[in-house]
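The block underneath contains the structure these notes are about, expressed in structure tokens.
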2 protein chains.
Amino acid sequence: MRKISDSTVRRLSVYLRFLEQAKSPTISSGELARLGGTTSAQVRKDLSFFGSFGKRGLGYAVPELTRRIRDILGLERGYRVVLVGAGRMGGALVQYHGFRQRGFHITAIYDQDARKIGSRWNGLVVRDVKHLESDLKKDPSDIAIVATPAESAQQVVDRLVRSGVKAILNFAPVPLNVPPDVEVKTVNMALELETLSYSLANR
Amino acid sequence: MRKISDSTVRRLSVYLRFLEQAKSPTISSGELARLGGTTSAQVRKDLSFFGSFGKRGLGYAVPELTRRIRDILGLERGYRVVLVGAGRMGGALVQYHGFRQRGFHITAIYDQDARKIGSRWNGLVVRDVKHLESDLKKDPSDIAIVATPAESAQQVVDRLVRSGVKAILNFAPVPLNVPPDVEVKTVNMALELETLSYSLANR
DNA sequence: TCCGCATTGTGAACTATTTCACAATTGGCG
DNA sequence: CGCCAATTGTGAAATAGTTCACAATGCGGA
């Protein structure tokens, strides 16, 4: 498959959010662009990488386009997700409704800290991270969320990779090393604030 | 000032993190690149937009480069940050150590929900969001973090903008409309998972 | 002092992404 | 049925970002 840029994929995800809320049966690239904060040409270009879904003069049929984008993004299947790190961020993530809504089910939480192990989080019992490998052997997951301190992140990731995890959402503020067949997204909130600081400092 | 790309600014922020942990008195672009997950040419190019800080044959003096990057990013001054939305994400953010470490001080938390107003979060009392404007008049902030539900985000942002906030870190899953002199960064975690889903679906 | 090695700084080449602009359709209406 | 208005799909042009490659140092040692 032709290489699609990350920015295109992110925009598809944004379009999808608005398609799901759309009231009218059709929508134009211009309207999607307005909602998603981009341009109509960009919307059409993004979609054109995957096929031609619209009707000239009319726009896109909302239900069809919704289905196509879900399909492109691979959201039809639903994912089991394990979370490592039951700190504050982990806690927020476990409860975050957006994940479940989108078909991402957190099925286990792990931590190292004896004080956290055994406690309940949103119906899940925090397990000792030493069970990570054996649990994943029984119930594999494609996706893991890493919300550990920076120091332990790489080590946890190595274990996840060995256990067959293929995609990692990383909240620890370090770049992670993984083999090329594993995908990592790092979310670093301090870094986001720093880009804001930069824009304040340079105006 | 010459327009600097967002990706360059983000990488500077990554370099800074490693410079602060560096042990040796100098560091080469190659080493910074290795740590930050990029290439040495990229490191040198990024830095070259702002001046020439290195010594040929030797590399960069860690303390000086650290200082220069902090300065470029505008981190020397320290920021007051207000947080709107005392939900789970807000709670995680308030406690997040990375912010304070970097000079971002959360000075107030607001919510709409009577059950949350008055409760203490990490030493701060959650205030009724109706006081937002008057509080900001007394104690202005340049930066706000919005962690409200999607529905109220735009309305909160309008009020923040009217109260002089110039930069917003947005955790609500909607693009926000702001005047051109206000900067917004949106962090959307479901979207990050969706890009992972895409990469799993297309291999 | 002079040589050789390491490493920067930077144009130029390359690659990627966005924007433009317009022909091709579609549906509605007279 | 034929025309008009709306809107897509897409090459081509423009812009932006990354990588290359090499001359220009600066230092340490003979």
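As the structure is a prediction and not an experimental result, all values here were calculated from the model. To find a chain, count down the sequence lines: A is the first, B the second, and so on, and within it residues start at 1.
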For D:dT19, does OP1 or OP2 lie under 4.0 Å from any side-chain N or O of B:T39?
yes

Of the nucleotides D:dG11, D:dA21, D:dT18, which one has an atom closest to the side chain of B:S7?
D:dT18

Output the rounded distance in Å from CD (B:Q42) to P (D:dA21).
16 Å

Using a strict 4.0 Å threshold on nitrogen-to-oxygen distance, state whether A:R70 and A:E20 make a salt bridge.
yes

So, B:N188 and B:E192: side-chain donor and acceptor under 3.5 Å apart, yes or no?
no

Summary of side chain to side chain donor-acceptor pair (under 3.5 Å) pairs that have at least one residue in residues 171-184 of chain A, sequence neighbours excluded:
A:K166-A:D181

Send over the distance from B:I4 CD1 to D:dG17 P, rounded to a whole Å.
10 Å

d(CG, B:L65; C1', C:dT8) in whole Å:
12 Å

Checking B:R159 side chain against B:V129 main chain: does a donor-acceptor pair fall under 3.5 Å?
yes

Between the main-chain N or O of A:P140 and the side-chain N or O of A:R80, is there a donor-acceptor pair closer than 3.5 Å?
yes

Euclidean distance, atom CZ of residue A:R68 to atom P of D:dT8 [Å, nearest integer]
16 Å

Please list residues of residues 14-37 of chain A whose heavy atoms come under 4.0 Å from any atom in DNA chain D, ordered by number; otherwise none.
A:S28, A:S29

Should the pair B:R67-B:E64 be classified as a salt bridge under the 4.0 Å nitrogen-to-oxygen rule?
no

Rounded to the Å, how far apart are B:D6 CG and D:dA16 P?
14 Å

For B:F53 and C:dT10, give me the distance from atom CZ to atom P, rounded to whole Å.
11 Å

Can you check each nucleotide of nucleotides 22-30 of chain C against protein heavy atoms at under 4.0 Å and return B for base, S for sugar-phosphate only, - for none, in 5' to 3' order?
-BBBBS---

Rounded to whole Å, CG of B:L12 lies from P of D:dG17 at a distance of 14 Å

Answer yes or no: does a side-chain N or O of B:S5 lie under 4.0 Å from OP1 or OP2 of D:dA16?
no

Given the rule in the salt bridge (Lys or Arg N to Asp or Glu O under 4.0 Å) test, do B:D135 and B:K130 qualify, once you have shown the distances and angles that lead to the verdict?
CA-CA 9 Å; B:D135 285 5; B:K130 76 180 173 200; over 6 Å; no

Can you check whether B:Y60 has a side-chain N or O nearer than 4.0 Å to OP1 or OP2 of D:dG26?
no

Are any of the side-chain nitrogens in B:R77 or B:D142 under 4.0 Å away from the carboxylate oxygens of its partner?
yes

Which label fits A:F104 and A:Y79: parallel for a plane angle under 30°, tilted from 30 to 60°, or perpendicular past 60°?
parallel

Give the rounded distance in Å between these two atoms: CG of A:D46 and P of C:dA16.
17 Å

